[in-house]
Amino acid sequence: MKKLFLALLAVSVLGFSSCSDDDDPQPTPNPEVKFDVENFKGEVMDGEAITLDASKTYMLSGALIVKKGGSLTIPAGTRIVASATSANDVDVRYIAVEQGAKIYIKGTASAPVVMTAEVKEAEAWGGLVVCGYAPTNKADAGSAGAEVSGLAYGGDQPNDSSGSIEYLRLEYTGYKYTNEKEFNGLSMFGVGSGTVVDYVVSYKGGDDGMEFFGGTVNASHLVSVDSGDDGIDFADGWSGVGEYWFSLNSAKSGIEGSNNGDNGAATPMTDATLRNITVYGMGEKPFFLKEGAGMMNIDNIVIGGLNADKTQAIFYASSDDADAAARIAAGDVVVSNANFVDMKEGQTKAVSILTVGENIEAKGAGNGINKPDWVSDALNMVDANKTVFGDAVVARVAFKGDITSDMTLDANTIYMLNGAVVVKEGASLTIPAGTVIIASEVSANDTEVRYIAVEQGAKIFVNGTADAPVVMTCEKTEAEAWGGLVVCGKAPTNKANAGSAGAEVSGLSYGGDVSDDNSGKISYLRLEYTGYKYTNEKEFNGLSLFGVGSGTVVEYVVSYKGGDDGMEFFGGSVNASYLLSYESGDDGIDFADGWSGTGTNWMSVNSAKSGIEGSNNGDNGAASPMTHATLKNLSVFGMGEKPFYLKEGAGKMNIDNIVIGGLADNKAQAYFYVSSSDTDAADRIAAGDIVITNVKFDQMGIGNTEKAVAGLSFTENANATGAGNGFGKPSWLSDALNKAYNGVVIVN
């Protein structure tokens, strides 16, 4: 009889015990087996039931085979280390379980079983091989020799049990005999559905992280990181369910699914059901449908991160794989709820014959491409200085199209705006604190305008915070790079076609008779590089509010380097507080078309034309309902010739506590300016409808002596604070809200 020899890190004699408390019947221990503390290798024989001791570390110095009729139980927290080979010791280190044998790996979330190596690099040792009696489509099923151990596998027992593998971390596996013959982290040959496989991590394996060679075993909560070949691979008629799989940064495919390398149509055919899958960072064929592919039903998958210079389809099948093509044509490969992330120019989502159902809300293994919550800290930790997932990866998800039902974005994901996103009537879009949306740069082959719009009857909830604002920016960091945010409501406007007026840039209807209409909430939002221009008369602002009602909350919004206005109110009754417009290409903040609301704590800095522009109606300055603005606590600094421009009938205004200045030298226009030809604005002034109190004129510039046009009265107050700190950064402007996405500080 061959014996099992055990080498312990501490020099002591290993005891063993029966595992009769498990569900599966197990062999009775053989009291005649003796152990040598110098080695951990050999064979667990028929009738032996060995239990390791979690308080000891086992140095694996060769092959350990659990023979038919034997069992090996490994308690939670046990550590097995494959020793380094030497010139005098070339035995391959691996653990294998024969058909009819059992292994019980009993790790827990806080104390996983760890199988690792002294040499901390891929291919340092073999890994774990399990062989069962479940069906496979290999021609010699029932006697097929497992690729690396040579053990028989396969048969006609789909519910065969090889034991259980729970909470296991495998590290530095993948020992290579030849380029065609090498170990995986976990290899399952004909393993049956009676076997439990749950919570298994492969880290830096030289070949695949996990591979299924036929069989019917189900497997959940699998993680493969930095595999030298495929992350997870199934083949040879595997017919099982895979749930919560995560494949990260594999050298070749993230997941490879095939039927049979010799006969792509072999039976029993691979029939895989995969749910809740994440695949990120891989070689040329992210999800490779190979060698006949077989039948697959794939649902809720987040996939992407292919290198920029790789142009293969994300879901790839070779053009000469006729059997895989036949499966796809027959509808046997179904992909639904796929969320593609970090797609680069020129990359396609799937081969032309495969239809993929998309869903940008799909979470994959649970948290997009970030570490899932089900990966416990202990299961994730390699050693004191390394973790399996390492630095967090942030996904980039394609984002465009109509939103027809309630949607919530994920703050752990970057959304690449590749066209127009329109929130349709009856739907809502919720954007959590810290979410970043980046408008992709327009190319010659893709001229779609990038913007976000909210229809009448729809809602947007921008739920930023002082420390984690929502950011909407652009790859191209210059003004007019993309549209901006457009919100349309049902509140009154004095446009002649109120209720059906087409918003200037989106063409959506706005206006009505619902003054307290609610379009949601916009809080702590930073908009950058907006102002896309169709024509000189038709261009986006940073934030455009068309007929938005007083039921909507607008607060703490920054526009940075917008090509047109920072913020503009087109009628409506919404109130808005804590607004900052910085370096707008036209006006800093603009209101018109019968806007009747209150604005508090507004700051406009370095706009190209007016700092604030207030008007009534460009076609009829006396139109009603008339603009009726109450403005308090304003700072206006650095602008064109008309710092505060009362325009196109002006309307009624009550302006209090304003600090204004910074006009360039020798600009002759008044700080509060009205055109001499604007008779409707003159009527408002004459009627006393424009009241300006507590004004501080500061840094007026050489030659700029005119504070207001003749007839417009105001009161001055040298102690006015404007938006809170004169021209300085106000206390309500948090550091996070004040910093542009590329790191620029907006207001010092």
Side-chain angles (χ1 to χ4, degrees), residues 60 74-82 94-95 103-117 120-130 164-174 183-188 195-212 217-234 242-251 254-255 274 276-282 364-367 369-393:
L60 184 68
I74 308 177
T78 303
R79 188 174 180 85
I80 299 172
V81 180
Y94 67 93
I95 300 173
I103 189 167
Y104 298 96
I105 296 177
K106 295 177 168 291
T108 66
S110 58
V113 169
V114 177
M115 298 181 180
T116 187
K120 306 299 185 183
E121 58 186 46
E123 303 180 7
W125 70 293
L128 176 60
V129 178
V130 183
S164 61
I165 301 171
E166 297 178 280
Y167 285 102
L168 167 66
R169 190 173 68 244
L170 294 147
E171 301 169 2
Y172 311 114
T173 61
F183 285 88
N184 307 295
L186 173 60
S187 301
M188 291 167 281
T195 310
V196 174
V197 177
D198 202 9
Y199 296 100
V200 180
V201 169
S202 170
Y203 177 71
K204 289 189 180 297
D207 194 34
D208 301 341
M210 298 87 175
E211 185 163 1
F212 302 77
V217 64
N218 304 313
S220 57
H221 303 102
L222 305 186
V223 175
S224 176
V225 174
D226 289 346
S227 291
D229 192 29
D230 307 316
I232 303 175
D233 190 346
F234 54 89
E243 294 187 280
Y244 297 102
W245 289 5
F246 199 122
S247 178
L248 178 64
N249 295 340
S250 51
I255 293 181
L274 306 181
N276 311 325
I277 309 296
T278 293
V279 180
Y280 187 85
M282 66 300 287
N367 195 18
I369 65 166
N370 296 291
K371 182 175 85 71
D373 294 340
W374 49 262
V375 178
S376 62
D377 291 342
L379 192 61
N380 187 46
M381 183 64 67
V382 178
D383 56 42
N385 301 310
K386 293 181 182 178
T387 62
V388 171
F389 279 86
D391 295 334
V393 182

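Just so it is clear, the model here is predicted, and its values are computed rather than measured. Along the sequence shown, the residues carry numbers beginning at 1.
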Exercise. Under 3.5 Å, side chain of Arg169 to main-chain N/O of Ala378, donor-acceptor pair present?
Worked result: yes

Exercise. Is it true that a side-chain atom of Ser187 and a backbone atom of Val129 form a donor plus acceptor pair closer than 3.5 Å?
Worked result: no

Exercise. Is a donor on one side and an acceptor on the other found under 3.5 Å between the side chain of Ser164 and the backbone of Tyr104?
Worked result: no

Seminar exercise, completed: Minimal heavy-atom distance between Thr108 and Ala76, with the atoms involved, is CG2-CB, 3.8 Å

Problem set entry | Heavy-atom neighbours of Asp383 CG exceed 12 at 6.0 Å | yes

Problem set entry | Between Ser220 and Asp198: side-chain donor-acceptor atoms closer than 3.5 Å | yes

Problem set entry | Atom OH of Tyr172: over 12 foreign heavy atoms under 6.0 Å | yes

Exercise. Taking it one step at a time, do Met115 and Ile95 satisfy side chain to side chain contact (heavy atoms under 4.5 Å, CB included)?
Worked result: CA-CA 10 Å; Met115 298 181 180; Ile95 300 173; 4.0 Å; yes

Seminar exercise, completed: Ala251 and Gly228 have their tightest heavy-atom pair at CB-O, 3.2 Å

Exercise. Yes or no on side chain to side chain contact (heavy atoms under 4.5 Å, CB included) for Val130 and Val217, after CA distance, side-chain angles and deciding distance?
Worked result: CA-CA 11 Å; Val130 183; Val217 64; over 6 Å; no

Seminar exercise, completed: Between Ser247 and Gly254 the two heavy atoms that sit nearest each other are OG-O, 2.7 Å

Exercise. Do Leu128 and Leu168 pass the side chain to side chain contact (heavy atoms under 4.5 Å, CB included) test, and can you show the C-alpha distance, the side-chain angles, and the key distance before you say yes or no?
Worked result: CA-CA 10 Å; Leu128 176 60; Leu168 167 66; 3.9 Å; yes

Exercise. If only atom types and distance count, is the side chain of Thr173 paired as donor or acceptor with the main-chain N or O of Gly127 below 3.5 Å?
Worked result: no

For this session: Give me the one residue out of Tyr199, Trp245, Phe389 that meets side-chain contact (heavy atoms from CB on, under 4.5 Å) with Val223.
Result: Phe389

Exercise. Below 4.5 Å, heavy atoms only, C-beta onward: do Val201 and Met210 meet side chain to side chain?
Worked result: no

For this session: Report yes if some heavy atom in the side chain of Leu170 is under 4.5 Å from a heavy atom in the side chain of Val200; otherwise report no.
Result: yes

Problem set entry | Spatial distance of atom CG (Leu186) from atom CD1 (Ile105) [nearest 0.5 Å] | 8.0 Å

For this session: Compare every heavy atom of Gly231 with every heavy atom of Ser224, then report the nearest pair and how far apart it is.
Result: OG-O, 3.0 Å

Seminar exercise, completed: Rounded to the nearest 0.5 Å, the OG1 atom of Thr387 sits from the CG atom of Asp377 at a distance of 9.5 Å

Problem set entry | Close side-chain approach of Ile165 to Val196, heavy-atom, < 4.5 Å | no

For this session: Identify the heavy atoms of Gly209 and Ser202 that sit nearest to each other, and give their distance.
Result: CA-OG, 3.4 Å

Problem set entry | Trace of the side chain to side chain contact (heavy atoms under 4.5 Å, CB included) decision for Phe234 with Asp208 | CA-CA 10 Å; Phe234 54 89; Asp208 301 341; over 6 Å; no

Exercise. Is the side chain of Thr78 donor-acceptor paired with the backbone N or O of Pro75 at a distance under 3.5 Å, no angle test?
Worked result: yes

Exercise. Distance-only, no hydrogens or angles: does the Ser376 side chain make a donor-acceptor pair with backbone N or O of Ala109 under 3.5 Å?
Worked result: yes

For this session: To the nearest 0.5 angstrom, please state how far the CG atom of Asn380 sits from the NZ atom of Lys386.
Result: 13.5 Å

Exercise. Rounded to the nearest 0.5 Å, what separation is found between the OH atom of Tyr203 and the CG atom of Leu379?
Worked result: 13.5 Å

Exercise. What closest approach, in Å, do Trp125 and Thr116 show between heavy atoms, and which atom pair accounts for it?
Worked result: NE1-O, 3.6 Å

Exercise. In terms of ring plane angle, is the pair Tyr244 and Trp374 parallel, tilted or perpendicular, where the classes change at 30° and 60°?
Worked result: perpendicular

Exercise. Hey, are the side chains of Val382 and Val388 touching, using non-hydrogen atoms and a 4.5 Å cut-off?
Worked result: yes

Seminar exercise, completed: Interatomic distance, CD@Glu171 vs CG@Asp226, rounded to 0.5 Å, equals 12.0 Å

Exercise. Mind checking whether Lys106 and Val113 have side chains closer than 4.5 Å, heavy atoms only?
Worked result: no

Problem set entry | Pairwise distance CG(Asp230) to CG(Asn184) - rounded to 0.5 angstrom | 9.0 Å

